[in-house]
Amino acid sequence: MLKNLTEKFANLIKNFIDKKKLSDSDIDNIIKKVRKILLDSDVALSTTKYITLNIRNKLTKLEINRKISPGQLIAKMLHEELTEIMGGFDIPKFKFNLNELNIFLFIGLQGVGKTTSIIKLANWLKKKYNKKILLVSCDIYRAAAIQQLKFLSNKNNIDFFDEKSSDINKILKNALTYSKNNSYEFLLVDSAGRLHLDEEMIKELINIESILNPLYTFLVIDGIYGQDALNSSLKFLDKLNISGFIITKMDGDSKGGIILSLKHNTNKMIYFIGTGEKINDLEFFYPNRLSSRILGFGDIDSLIEEVNDKLESKENKVVNNFDLILFKEQINNLLKLGGIKKIIEKLPSGNLLNAKENNLDDKNFLTMIYLIDSMTLKERKYPNIINYSRKKRIAYGAGCSLQDVNKLIKFYEKVSKFSHKENSQFSFLNKFKNKKI
Ligand code: GDP
Ligand code: MG
């Protein structure tokens with residue numbers, strides 16, 4: 001996520017780590033570089049000016065003491081600025097009403113990720129708060145659009161209100177009555193997008209808004225875009241009562257422009273970010289955490305949260321005999337957390353690690369699982385009995401090559417040494433797993 005930004009900021013910070021003090025020309029240089037990084041990332045000009053002005057003010061007042069290098073101070077300052085620009089350290093709580101129907105409306109242009117975000121958010125609410133949730137779509141123009149939400153709802157065990165009518169008013173009114181009569185706590189409403197915001201779309205959305213009176217209206221925005229998305233958001237905001245934003249596709253090639261510019265230009269919060277196509281790929285948005293990730297400090301808080309959410313709350317085992325059974329369990333845990341790349345990204349400097357070069361690929365881990373599955377119980381418990389003929393049988397059984405078996409054994413041995421030393425499995429996961437947040 002936002003790897004480009006991370007690399008550029010890391011380079012900037014690195015240049016000043018060994019300096020003893022900052023000269024005026026150093027300050028000019030920093031400002032110039034920050035300005036270029038932001039503009040190249042498609043951050044709005046007004047936002048770029050605001051950030052660079054703040055940094056200049058702070059840098060000129062700065063007293064560099066010996067213990068902290070200018071590089072560290074610049075990093076801290078950038079962290080503060082980026083956090084502030086995205087909404088600050090103290091963000092308002094995500095509130096909803098108990099014993100009442102809470103209505104969320106999702107709007108935005110076509111293809112930005114409204115339908116996908118609804119199912120993700122429903123899943124998030126269900127898992128986090130165990131709420132009774134109903135979904136409805138009033139994207140009447142494409143039959144496939146309503147079917148898409150219905151399919152996703154069924155697949156993920158979330159209730160879907162299936163109204164056959166193609167009259168938006170009727171769909172919404174019936175959905176409202178149905179949710180109230182069946183004591184639903186949340187009604188999440190999908191709407192139709194268009195390629196461009198036009199009069200017709202605005203009219204339709206104003207009508208939907210007036211029927212529903214939503215607690216939250218989320219404007220969903222594709223994170224790939226910069227200035228264009230900002231301009232269209234301003235038009236939506238002008239006509240509709242938008243509560244805040246969901247930025248999708250942050251896992252893709254987003255340069256960061258929109259996520260860094262929105263709050264400053266609209267004064268509305270970003271609530272969630274989409275980080276993939278799967279149902280769990282939605283994160284509540286914390287400006288300081290994203291700012292840490294952008295600067296390569298990692299995002300341990302989110303990682304801890306994910307580990308707590310996604311891994312079963314098993315007792316932390318102290319491992320005396322680390323075998324392939326346990327090894328497989330650990331690989332499964334990694335994959336459950338969204339895969340190795342997602343974890344690395346949240347570790348300090350993780351964004352700067354080249355997962356490919358280091359052969360950190362989920363496919364390799366899946367191959368390892370297949371191989372372990374085709375071993376006997378004895379082989380899994382005592383991997384050192386795996387000789388050449390066993391290797392051949394295992395490879396054949398898993399549909400893999402002998403080389404794959406050798407790679408697995410080598411990797412297992414590496415991890416195994418490490419885990420004996422630390423008396424734990426993938427030690428960092430375990431440390432986080434038991435930490436309360
Ligand atoms: P809608 O027209 O606004 O309802 O958009 P959809 O929800 O149908 O999404 C359009 C496409 O974007 C689909 O292929 C989704 O899988 C994809 N998509 C949505 N959110 C994300 C995300 O956070 N990351 C990635 N990589 N793809 C996403
Ligand atoms: Mg849709």
Side-chain angles (χ1 to χ4, degrees), residues 1-4 104-124 135-156 158 160-163 166 168 171-172 175 187-198 200-202 204-205 208 216-226 228-229 232-233 236 240 242 244-259 262 270-285 290 293 299 302 306 337-339 341-342 345-346 355 362:
M1 192 197 286
L2 303 177
K3 211 169 161 182
N4 239 331
F104 294 178
L105 171 62
F106 294 68
I107 66 174
L109 297 178
Q110 197 167 303
V112 291
K114 292 181 292 302
T115 308
T116 316
S117 299
I118 290 187
I119 200 79
K120 287 179 186 173
L121 189 56
N123 176 62
W124 185 82
L135 307 186
V136 64
S137 171
C138 54
D139 190 350
I140 50 167
Y141 307 102
R142 295 178 303 140
I146 298 186
Q147 286 310 313
Q148 183 195 359
L149 189 63
K150 185 177 172 183
F151 171 79
L152 290 170
S153 310
N154 290 340
K155 189 172 155 201
N156 296 291
I158 292 165
F160 177 76
F161 184 71
D162 200 359
E163 168 68 66
S166 59
I168 292 182
I171 296 176
L172 293 179
L187 176 66
L188 273 49
V189 184
D190 198 1
S191 67
R194 308 270 201 289
L195 286 176
H196 303 285
L197 185 62
D198 55 26
E200 206 185 326
M201 183 177 180
I202 290 282
E204 180 175 302
L205 291 173
I208 295 176
Y216 284 95
T217 297
F218 294 113
L219 178 57
V220 184
I221 295 175
D222 187 331
I224 298 290
Y225 298 108
D228 288 350
S232 94
S233 307
F236 274 103
L240 294 148
I242 311 280
F245 308 102
I246 295 177
I247 317 269
T248 62
K249 311 187 194 178
M250 290 307 294
D251 52 311
D253 294 331
S254 169
K255 290 203 251 169
I258 191 72
I259 207 155
L262 261 179
I270 297 163
Y271 282 92
F272 294 92
I273 53 175
T275 55
E277 291 185 86
K278 300 210 185 86
I279 185 125
N280 283 317
D281 296 334
L282 181 84
E283 296 178 19
F284 192 76
F285 182 66
L290 188 67
R293 246 191 267 182
D299 181 2
S302 293
E306 275 179 58
L337 285 166
K341 278 184 199 141
K342 288 219 157 152
E345 215 182 68
K346 290 182 184 133
D362 290 343

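Numbering of ligands and ligand atoms starts at 1, following listing order.
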| message | Using the ring centroid of each side chain, check whether Phe245 and Tyr271 are separated by less than 6.0 Å. | response | no
| field | Test of proximity, Val112 against ligand 1: N or O pairs below 3.5 Å | value | yes
| So which heavy atom on Leu197 is nearest to which on Ser232, and how close? | CD2-O, 4.3 Å
| message | If I compare all heavy atoms of Leu2 with all of Lys255, which pair ends up nearest, and what's the gap? | response | CD2-C, 3.8 Å
| Just which atoms of ligand 1 are under 4.0 Å from any heavy atom in Lys114? | 1 (P), 2 (O), 3 (O), 4 (O), 5 (O), 7 (O)
| Tell me: protein heavy atom nearest atom 14 (O) of ligand 1, and distance? | Glu277 OE1, 3.7 Å
| message | Suppose we measure from atom 11 (C) of ligand 1 to each protein heavy atom; which comes out shortest, and what is that distance? | response | Lys249 NZ, 4.1 Å
| Atoms in ligand 1 with a heavy atom of Thr275 nearer than 4.0 Å | 23 (O)
| Distance (rounded to the nearest 0.5 Å) between Asp139 CG and Thr115 OG1 | 6.5 Å
| Protein residue, atom and distance nearest to atom 22 (C) of ligand 1, heavy-atom basis | Gly276 O, 3.1 Å
| field | Protein contact to atom 15 (C) of ligand 1 [nearest heavy atom, distance to 0.1 Å] | value | Thr116 OG1, 3.6 Å
| Minimal non-hydrogen separation, Ile221 against Ser233, with atom names | CD1-OG, 3.1 Å
| field | Minimum side-chain heavy-atom gap Phe236-Leu109 below 4.5 Å | value | yes
| request: List in chain and number order the residues that pass side chain to side chain contact (heavy atoms under 4.5 Å, CB included) with Lys120, two or more places apart in sequence or in another chain; answer none if no residue qualifies. | output: Thr116, Asp281, Leu282
| query | Is any N or O atom of Gln148, backbone or side chain, closer than 3.5 Å to an N or O atom of ligand 1? | reply | yes
| task | Hey, can you tell me if Phe106 and Phe218 have their rings parallel, tilted or perpendicular (30° and 60° cut-offs)? | result | tilted
| query | Is the OH atom of Tyr141 crowded by more than 12 outside heavy atoms at less than 6.0 Å? | reply | yes
| Proximity to ligand 1 by part of Asp251, non-hydrogen separation under 4.0 Å | side chain
| Heteroatom distance test (Asp281, ligand 1): nitrogen or oxygen, under 3.5 angstrom | no
| request: For the residue pair Ile259 and Phe285, establish whether any side-chain heavy-atom pair is separated by less than 4.5 Å. | output: yes
| said: Do Lys249 and Tyr225 have side chains that approach each other closer than 4.5 Å (heavy atoms only, starting at C-beta)? | reply: no
| field | Flag side-chain contact, heavy atom, 4.5 Å: Glu283 against Met250 | value | no
| Nearest protein heavy atom to atom 10 (C) of ligand 1, by residue and atom, and its distance? | Gly111 O, 3.6 Å
| query | Is ligand 1 under 4.0 Å from a heavy atom in the side chain of Lys120, in the backbone, in both, or in neither? | reply | side chain
| task | Please report which non-hydrogen protein atom sits nearest to atom 5 (O) of ligand 1, along with the residue it belongs to and the distance in Å to one decimal place. | result | Gly113 N, 3.0 Å
| query | Taking only heavy atoms of Thr115, which atoms of ligand 1 are found under 4.0 Å from at least one of them? | reply | 4 (O), 7 (O)
| said: With heavy-atom distances below 4.5 Å as the criterion, would you say the side chains of Phe272 and Ile246 are in contact? | reply: yes
| What protein N/O/S atoms sit under 2.8 Å from the Mg ion (ligand 2), by chain and number? | Thr115 OG1
| Once you round to the nearest 0.5 Å, how far does CG of Leu149 lie from CG of Asp190? | 5.5 Å
| Which atoms of ligand 1 sit under 4.0 Å from any heavy atom of Gly274? | 23 (O)
| query | Nearest heavy atom to atom 20 (N) of ligand 1: which of Ile107, Ile118, Thr248, Asp253 does it belong to? | reply | Thr248
| Quick one: does ligand 1 sit under 4.0 Å from the side chain of Asp190, the backbone, both or neither, non-hydrogen atoms only? | neither
